Amino acid sequence: MTVRVRFAPSPTGYLHIGGARTAMYNYLYAKAMGGKYILRIEDTDLERSERKFEELQIEDLKWLGLNHDEGPDVGGDYGPYRQSERGHIYKAWSDKLLTNGHAYHCFCSEEELKAKNEIALAEKRDPQYDGKCLSITRAEADKKIAAGEVAVIRFKAPRKSYAFNDHVRGHVEFPEGMVGDFVIMRANGVPVYNFAVVVDDASMKITHVIRAEEHLPNTLRQLMIYEAFSVTPPEFAHGSLLIGEDRQKLSKRHGATSVNLYKEMNYLPQALLNYLCLLGWSHPDEKDIFDIHTLGTMFNLERFTKAPAIYDIKKLDFINGEHLRHLPLETIMIEVGKVIPVEHAFHKMDHDWKIACVNVFKDKLHFFQDITQHLGVLFSLDISNDPEYLEARSWETTPRIREYLGAEIDKAKACGKKFVTEEDLNVWSNHVKGELKIKGKQLFMGMRSVLTHQAHGPELKFIIPLTPIEILAKRIHL
RNA sequence: GCACCCAUCGUCUAGCCCGGCCUAGGACACUGCCUUUUCACGGCGGCGACUGGGGUUCGAAUCCCCAUGGGUGUACCA
């Protein structure tokens with residue numbers, strides 16, 4: 001039997017970081033098992049669902065590289081993949097339950113039920129449906145409906161306990177009487193979540209349901225419905241929940257919780273995925289940095305964590321830097337070019353210069369945009385106020401270095417050179433060492449302070465050949 | 001209230017199922033030092049945890065019970 005898994009978001013907002021994680025786990029499991037990964041849109045909440053959000057979420061999923069095998073935009077053999085287009089299916093399935101006695105019409109008004117709930121709560125009882133409409137026969141109900149009365153369809157919850165085996169939680173038991181008769185079809189004919197999910201998962205031949213722990217209690221209702229249809233339920237894996245620093249379920253108020261924001265902030269999708277993957281799952285070899293697409297059969301349902309994970313982006317930043325460093329130089333150059341201000345001198349340089357430049361700075365970046373601040377060491381005429389720099393400037397040896405280098409640079413400039421080379425730099429430092437008799441810290445810090453006006457930075461042999469000679473000439477005389 | 005789930009460094013986690021190799025390992029963060037051609041890189045260190053109490057056992061982070069704490073759910077939301 002081929003594994004079939006699904007990610008079923010509600011198009012009521014942007015793709016949430018927790019949703020992205022669930023989608024990824026499903027995607028990875030399908031890939032590991034050679035199965036299919038399906039995208040289903042759960043838009044039964046007519047008020048809050050919007051087509052725009054569906055499109056945006058699919059766009060974000062694509063950005064992450066989590067491409068589905070079946071879905072509303074790509075089709076498949078088990079469609080439609082939008083719950084709003086499956087009305088006839090829910091109708092047929094709920095009719096089946098009505099016929100075999102597992103469900104019944106309920107004519108109680110919302111006010112009536114609300115009042116009863118309040119009383120139950122006040123008496124510290126569970127506010128379960130009292131079964132008032134249970135005695136209404138199918139024929140009577142049909143007559144009332146024909147006469148214009150509105151009704152919901154309620155599922156007759158069996159009075160027995162349920163148990164199932166969860167891939168993450170192990171043996172889970174729900175004692176008898178946890179839920180009363182619940183609504184499966186609303187008065188407007190739209191199915192309620194727990195019913196639609198079962199109908200869809202069953203008819204789409206879903207074999208494994210991988211989702212977050214918040215759905216664990218829902219499993220009871222779903223198990224009941226599967227039983228009423230005599231359908232074997234899929235296997236379940238309830239991973240941990242993503243929570244905020246306040247240990248509450250992650251939501252908008254915890255800051256950047258939607259995927260599109262990370263795209264805007266220039267995070268690498270593979271880094272976001274890598275981080276998310278580690279929040280609730282661990283790599284068999286305890287690796288921290290990896291491309292989730294290379295996981296293959298290493299991904300399994302046995303390494304999920306049970307306890308909720310606090311979402312903290314500090315580690316994500318680190319991981320982003322690691323992924324960025326492993327990108328081809330050419331790619332980094334292109335990406336970096338996009339975030340450096342258009343008027344920056346960087347853009348006037350030739351290809352080889354840019355590559356060399358990116359190569360020097362790439363190890364220091366967490367994000368592409370970090371490059372801008374590093375570029376200063378190549379173009380800036382600022383003078384550091386770092387005590388170490390000030391000290392280097394105050395040595396009596398430093399003016400002698402400046403005098404010599406100034407002459408050399410002016411000479412090179414007069415010859416029409418645009419840049420000095422690493423060899424030039426070697427010659428200079430040998431001269432300072434041999435002729436000026438300056439060595440050690442005085443030599444290197446002295447040269448650095450004169451050429452960059454900074455106390456720290458990348459090695460001179462890397463940055464000086466990249467610094468335009470006019471900049472060098474100006475700096476010398478500052 | 002009731003039901004279910006969970007509990008290892010500040011954070012993510014390994015170890016737990018199949019007790020001894022755990023004076024509990026790794027990563028982020030924080031921090032010290034080294035590299036004296038110098039880094040937000042790298043290397044070497046430091047800080048830092050088995051929620052508490054009982055029990056089983058020669059031996060428990062690992063098994064059992066209780067307590068405590070936290071979370072989720074309890075809708076004609078998903």
Side-chain angles (χ1 to χ4, degrees), chain A residues 8-10 12 42-45 47-49 83 106 108 110 113-114 117 120-128 150-154 166 168-170 172-175 177-180 182-194 196-197 212-221 238 240-241 243 245 247-249 275 278-289 302-303 305-319 321 325 360-366 370 373-374 377 388 425-426 429 440-441 443-445 447-448 454-462:
Chain A
S10 294
T12 54
E42 308 219 325
D43 52 356
T44 53
D45 184 342
E47 261 114 81
R48 298 194 299 145
S49 297
Q83 290 187 329
C106 170
C108 297
E110 291 193 49
L113 293 172
K114 215 169 154 192
N117 280 0
L121 249 19
E123 292 173 359
K124 294 194 191 295
R125 283 187 293 114
D126 244 16
Q128 295 185 356
V150 290
V152 299
I153 299 176
R154 263 181 207 282
D166 190 279
V168 182
R169 314 275 143 194
V172 177
E173 264 187 62
F174 298 108
M178 252 182 87
V179 296
F182 55 91
V183 173
I184 55 174
M185 292 291 273
R186 299 180 173 97
N188 62 4
V190 176
V192 153
Y193 169 75
N194 279 300
V197 165
E213 196 198 329
E214 55 185 321
H215 287 291
L216 195 55
N218 283 328
T219 312
L220 170 60
R221 289 164 200 246
H238 288 92
S240 61
L241 214 51
I243 59 178
E245 274 179 282
R247 312 203 125 266
Q248 310 276 305
K249 195 161 91 172
Y275 174 65
L278 257 14
L279 245 34
W281 186 80
S282 62
H283 192 286
D285 300 333
E286 289 193 53
K287 282 177 76 171
D288 298 289
I289 308 296
E302 319 312 313
R303 297 192 66 82
T305 309
K306 295 179 183 181
I310 296 179
Y311 183 76
D312 166 29
I313 68 167
K314 266 188 249 126
K315 195 164 187 170
L316 169 59
D317 290 355
F318 165 78
I319 291 177
R325 276 184 263 297
V360 171
F361 297 115
K362 75 170 193 319
D363 286 350
K364 304 176 190 207
L365 309 178
H366 274 118
D370 291 349
Q373 55 191 276
H374 295 295
V377 78
E388 281 187 73
L425 201 61
N426 272 332
S429 84
K441 198 174 181 182
L443 166 63
F444 298 110
M445 279 300 283
M447 284 182 65
R448 175 176 292 279
Q454 301 293 321
H456 301 285
E459 290 187 30
L460 289 180
K461 71 173 179 192
F462 292 140

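Convention: sequence-line order gives letters A, B, ...; per-chain numbering from 1. Quick caveat, the model's predicted, so the values are computed rather than measured.
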Open item on the list: Looking at Glu245(A), I want to see if its CD is surrounded by more than 12 non-hydrogen atoms of other residues, nucleotides or ligands under 6.0 Å.
Closed with: no
- [ ] Could you check whether Gln248(A) gets within reach of a base, just the sugar-phosphate, or nothing at all, counting any heavy atom under 4.0 Å?
- [x] sugar-phosphate
TODO: Between Gly280(A) and Asp288(A), name the one whose nearest nucleotide on RNA chain B is closer to the 5' end.
DONE: Gly280(A)
Open item on the list: So, does Arg303(A) get its side chain near the phosphate of C17(B), meaning an N or O under 4.0 Å from OP1 or OP2?
Closed with: no
Task: From CA spacing to verdict: side chain to side chain donor-acceptor pair (under 3.5 Å), Asp317(A), His366(A) - done: CA-CA 6 Å; Asp317(A) 290 355; His366(A) 274 118; over 6 Å; no
Open item on the list: Side chain of Ala309(A) only, heavy atoms from C-beta on: which candidate in A78(B), C12(B), A14(B) is closest?
Closed with: C12(B)
TODO: Could you tell me which nucleotide pairs with U68(B) by Watson-Crick or G-U wobble geometry, both distances under 3.5 Å, or answer none if nothing does?
DONE: A7(B)
Expected rows: protein N/O vs nucleotides 2-10 of chain B N/O, under 3.5 Å:
unit_1	atom_1	unit_2	atom_2	d
C5(B)	O2'	Arg169(A)	NH1	2.8
C5(B)	O2'	Glu213(A)	OE2	3.0

TODO: Please assess Met185(A) against Val190(A) for the test side chain to side chain contact (heavy atoms under 4.5 Å, CB included), listing each intermediate value before the final yes or no.
DONE: CA-CA 6 Å; Met185(A) 292 291 273; Val190(A) 176; over 6 Å; no
- [ ] With heavy atoms under 4.0 Å as the rule, sort Thr44(A) into base, sugar-phosphate or nothing.
- [x] sugar-phosphate
Open item on the list: Has Tyr275(A) got a side-chain atom pairing as donor or acceptor with Asp312(A)'s backbone, closer than 3.5 angstrom?
Closed with: yes
Open item on the list: Can you identify which nucleotide, out of A78(B), A27(B), U13(B), has its nearest atom closest to the Ser10(A) side chain?
Closed with: A78(B)
Open item on the list: Counting primed atoms plus P, OP1 and OP2 as sugar-phosphate and everything else as base, spell out the protein contacts along nucleotides 39-50 of chain B at 4.0 Å heavy-atom distance: B, S or - for each nucleotide, 5' to 3'.
Closed with: BBS---------
- [ ] Under a 3.5 Å limit for both distances, which nucleotide forms a Watson-Crick or G-U wobble pair with A14(B), could you say?
- [x] none
Open item on the list: Quick check for you: among A78(B), C12(B), U38(B), whose closest atom lies nearest to any side-chain atom of Leu460(A)?
Closed with: U38(B)
- [ ] Give one of base, sugar-phosphate or nothing for Lys362(A), where a contact means two heavy atoms less than 4.0 Å apart.
- [x] nothing
- [ ] Could you work out the separation of U11(B) and G48(B) based on their P atoms and round it to a whole Å?
- [x] 15 Å
- [ ] Quick one: pull up CD in Glu459(A) and CZ in Arg448(A) and give me the separation to the nearest 0.5 Å.
- [x] 8.5 Å
TODO: Look at all strands and tell whether Val183(A) reaches a base, only sugar-phosphate, or nothing, counting heavy atoms closer than 4.0 Å.
DONE: sugar-phosphate
Open item on the list: For a quick check, tell me whether the side chain of Glu286(A) and the base of G25(B) share a donor-acceptor pair closer than 3.5 Å.
Closed with: yes
Open item on the list: Any side-chain to backbone donor/acceptor pair from Asp166(A) onto His238(A)? Under 3.5 Å, distance only.
Closed with: yes
Task: Nucleotide opposite U56(B) in a Watson-Crick or G-U pair, distances under 3.5 Å - done: none
Task: Under 4.0 angstrom between Lys287(A) side-chain N/O and A27(B) OP1 or OP2 - done: no
TODO: Would you kindly give the CG-to-P distance between Asp317(A) and U11(B), to the nearest whole Å?
DONE: 18 Å
Task: A29(B) versus G42(B) - spacing of their P atoms, nearest Å - done: 10 Å
- [ ] Determine whether more than 12 heavy atoms belonging to other residues, nucleotides or ligands lie under 6.0 Å from atom CD of Glu302(A).
- [x] yes
Open item on the list: Please report the interatomic distance OG(Ser429(A)) to CZ(Phe444(A)), rounded to the nearest 0.5 Å.
Closed with: 5.5 Å
Open item on the list: For a quick check of understanding: with a heavy-atom distance under 4.0 Å over all strands, which category does Asn218(A) fall into, base, sugar-phosphate or nothing?
Closed with: base
Task: Between G19(B) and U57(B) - C1' atom distance, rounded Å - done: 9 Å
Task: Arg169(A) side chain vs Lys306(A) backbone, donor-acceptor pair below 3.5 Å - done: yes
Task: Nucleotide opposite G45(B) in a Watson-Crick or G-U pair, distances under 3.5 Å - done: U31(B)
Open item on the list: Regarding Thr12(A), tell me which of base, sugar-phosphate or nothing describes its non-hydrogen contacts under 4.0 Å with the strands shown.
Closed with: nothing
Task: For atom CG of Leu241(A) and atom P of G71(B), their distance in whole Å - done: 11 Å
Open item on the list: Check the phosphate of U13(B) against Ser282(A), side-chain N and O only, distance under 4.0 Å to OP1 or OP2. Yes or no?
Closed with: no
Open item on the list: In whole Å, measure the gap between the P atoms of C9(B) and G52(B) for me.
Closed with: 10 Å
Task: Rounded distance in Å - CD (Glu302(A)) to P (G15(B)) - done: 12 Å
- [ ] Determine the minimum heavy-atom distance between Gly177(A) and Gln128(A), stating which atoms define it.
- [x] O-NE2, 2.9 Å
Task: Distance, rounded to the nearest Å, where Arg247(A) contributes CZ and U51(B) contributes P - done: 13 Å
TODO: Have a look at Cys108(A) and say if it touches a base, only the backbone sugar-phosphate, or nothing, with a 4.0 Å heavy-atom cut-off.
DONE: base
Open item on the list: Has Asp285(A) got a side-chain atom pairing as donor or acceptor with Lys287(A)'s backbone, closer than 3.5 angstrom?
Closed with: no
Task: Rounded distance in Å between the C1' positions of C64(B) and A3(B) - done: 23 Å
Open item on the list: Taking the cut-offs as 6.0 angstrom to the six-membered ring centre and 45 degrees off its axis, would you call Arg154(A) and Phe182(A) a cation-pi pair?
Closed with: no
Open item on the list: If I take atom CG from residue Leu241(A) and atom CG from residue Leu216(A), how far apart are they, to the nearest 0.5 angstrom?
Closed with: 11.0 Å
- [ ] Quote, to the nearest angstrom, the P distance that separates C30(B) from A40(B).
- [x] 11 Å
Open item on the list: Using whole Å, what does the distance between atom P of nucleotide U74(B) and atom CD of Glu214(A) come to?
Closed with: 10 Å
Open item on the list: In whole Å, measure the gap between the P atoms of G45(B) and C4(B) for me.
Closed with: 49 Å
Task: Given C12(B), C76(B), A78(B), the nucleotide with the shortest approach to the side chain of Leu278(A) - done: C12(B)
Task: Watson-Crick or G-U wobble mate for U74(B), both contacts under 3.5 Å - done: G1(B)
- [ ] Could you check Leu113(A) against Trp281(A) and say which one's nearest nucleotide on RNA chain B is further toward the 5' end?
- [x] Trp281(A)
Task: Nucleotide G73(B), atom C1' - distance to NE2 of His238(A) in whole Å - done: 12 Å
Task: Separation of the C1' atoms in U62(B) and U51(B), to the nearest angstrom - done: 16 Å
TODO: Nearest whole angstrom, please: distance from the P of A27(B) to the NE2 of His283(A).
DONE: 16 Å
Open item on the list: Between P on C76(B) and CG on Asn188(A), what's the gap in Å once rounded to a whole number?
Closed with: 12 Å
